[in-house]
A.B. asks: 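Below are the structure tokens for one structure; questions will follow.
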There are 2 protein chains.
Amino acid sequence: MKNSSVLFAFYNLLIRHYERWEVIEKGKLMEGAGRGGKTTAKRRPRERVLQRDPERTRAAILEAATQEFAENGMGGARVDAIAERAGTNKRMLYHYFGDKEQLYLHVLEEAYVGIRTAERALHIGDRSPEEGISDLALFTWRYFLKHPEFLSLLGTENLHRARWLRQSVRLKELHSHLLGELEQVLERGKKAGVFIDSADPLNVYLTIASLGYFYLSNQYTLSTIFGRELAQPENIDAWERQIVHVTLASIKA
Amino acid sequence: MKNSSVLFAFYNLLIRHYERWEVIEKGKLMEGAGRGGKTTAKRRPRERVLQRDPERTRAAILEAATQEFAENGMGGARVDAIAERAGTNKRMLYHYFGDKEQLYLHVLEEAYVGIRTAERALHIGDRSPEEGISDLALFTWRYFLKHPEFLSLLGTENLHRARWLRQSVRLKELHSHLLGELEQVLERGKKAGVFIDSADPLNVYLTIASLGYFYLSNQYTLSTIFGRELAQPENIDAWERQIVHVTLASIKA
DNA sequence: CCGGCCAGTAACTAAACAGTTACTTTGATG
DNA sequence: CATCAAAGTAACTGTTTAGTTACTGGCCGG
């Protein structure tokens, strides 16, 4: 048995490299390969039809990457898995997005654009101050509920202390609108005497987001330790009412 | 230049394996290596003194693993990095904990035991109902503030839908105490007419935990998008007051 | 006082990984 | 209708990774 593992490994290496050599030689014979410097073999004819639709491929990669990053985080996501989910291959992914990190940043930016765009369409200033606040709370909760991948991406990005989001140039102005509109609603409520003077737009938004985010993003450990299934529809509905109740109670005059 | 890269790779492999061979032969000559089946070389005399302190080594690995998992998540954590941080090596890690997943589960269990043990020492039932609730809120917030690694581990575990926590047998009974004591405090408050009848222990705890968890775990993205530094001491203090205010406002009669 | 067992070490390995190379296919344009 | 750039493919590479192997050294019970 002496040295047998080493011998075996060596043998395997020889075999592997000889096979490769053989393929190279065959390739040269078969296709002539006149251009200098080419060392690889003739490829088998491919079966899959070429898509030739750059926009669709790009979108498919982005969608697949969103799923993969949301499910596995930045460290756990696999580039091969993204390519396969998108029905394409790695080369295209690198072609359109540069590398894994830039792809991840695109996914993150897209996710933020998604929620902020939907939020703008709310126009919380159009109703009474109380309705405006409760509509914002309901919207935020229901958006989180419908987009678990968004919560997951936020979690991943925060694990890395916003390392990639910080580099984003697109997202700075996207958020000032939200706080501005919220401030106007609070001001109107204060003048009408329904909100306390200390009500602050950032605090109100953080309260709403906290209550929604924590319940959903931590539902798995919470359900486990408290032995109650938080994903059950009746519990989901009860928490929705709790969010609106808590938010309004915290600013009511 | 034809085939030069292949030739070069092949050459390197030969060199590498010849060197290894040489070492093996030398090893045999130098130490006799009488015992059959041994194929590896003589090791250099080691410089580090043997610790021979199993408890200390175990604890060091657990501490190092907590840091590494908290900073990089389950997918991003590196077993080599843990061993190095602990001042030991991988073999010991596998010796004491089996594999990466079991080590992670130990870290997670330890983290939960930590917070629940500290929580018990609070005895929130000893004061007035309002004080009990605000003390629980303050304790939870300050514990989160002091133990960012706990928040991080929760986030990682939830990304994986409590895959490992679900397997834990130690943790089921650890949490019933908390809800039981909280329920008693709420009951006393209801009888005294200071809390609303609908106040529910799980909802109250989730509210407190939500407000603390979200602010801290998401501080990096929030600071980036809103352009306000949430980690600033004055902002931290303001949020502590907000948590107590919101929690009490949501249950006050 | 010695032999076996447990703490500890470091080199090793197979597999997985991000990223690259070396090509082929297709359609639009001059 | 030739050509050229963009779209697409798949095999390949260097490196990293979790996990293993093959050892060494010290202590304790017989």
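Each chain gets a letter, A, B and so on, in the order the sequences are listed, and its residues count up from 1. Quick note: numbers below take in every heavy atom, side chains included, and nothing from hydrogens, waters or symmetry partners.
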A.B. asks: Would you say a side-chain N or O of B:Thr57 is under 4.0 Å from OP1 or OP2 of C:dA7?
C.D. replies: no
A.B. asks: When the aromatic ring centroids of B:Phe150 and B:Tyr112 are compared, is their separation below 6.0 Å?
C.D. replies: yes
A.B. asks: Taking 4.0 Å as the cut-off, does a side-chain nitrogen or oxygen of A:His95 come that near to OP1 or OP2 on D:dG8?
C.D. replies: no
A.B. asks: Can you confirm whether B:Arg166 is buried at CZ, in the sense that more than 12 heavy atoms of other residues, nucleotides or ligands lie under 6.0 Å from that atom?
C.D. replies: yes
A.B. asks: Do the side chains of B:Glu119 and B:Arg116 get close enough for a salt bridge, i.e. N-O under 4.0 angstrom?
C.D. replies: yes
A.B. asks: Give a yes or no on whether B:Arg161 atom CZ has more than 12 heavy-atom contacts from other residues, nucleotides or ligands under 6.0 Å away.
C.D. replies: no
A.B. asks: Is there a residue in residues 74-86 of chain A whose heavy atoms reach under 4.0 Å of DNA chain C, and which residues are they?
C.D. replies: A:Ala77, A:Arg78, A:Val79, A:Asp80
A.B. asks: Is the shortest side-chain N/O distance from B:Tyr94 to OP1 or OP2 of D:dT21 below 4.0 Å?
C.D. replies: no
A.B. asks: Please identify each residue that fulfils side-chain contact (heavy atoms from CB on, under 4.5 Å) with A:Ser168, with sequence neighbours left out.
C.D. replies: A:Leu105, A:Glu109, A:Arg170, A:Leu171
A.B. asks: OP1, OP2 of C:dG8 versus side-chain N and O of B:Thr88: anything below 4.0 Å?
C.D. replies: no
A.B. asks: Does B:Asn89 make a side-chain N or O approach to OP1 or OP2 of C:dG8 shorter than 4.0 Å?
C.D. replies: no
A.B. asks: Going by number, which of residues 97-111 of chain A have a non-hydrogen atom under 4.0 Å from DNA chain C?
C.D. replies: A:Asp99, A:Lys100
A.B. asks: Taking the six-membered ring for Trp, are B:Trp164 and B:Tyr104 parallel (under 30°), tilted (30 to 60°) or perpendicular (over 60°)?
C.D. replies: perpendicular
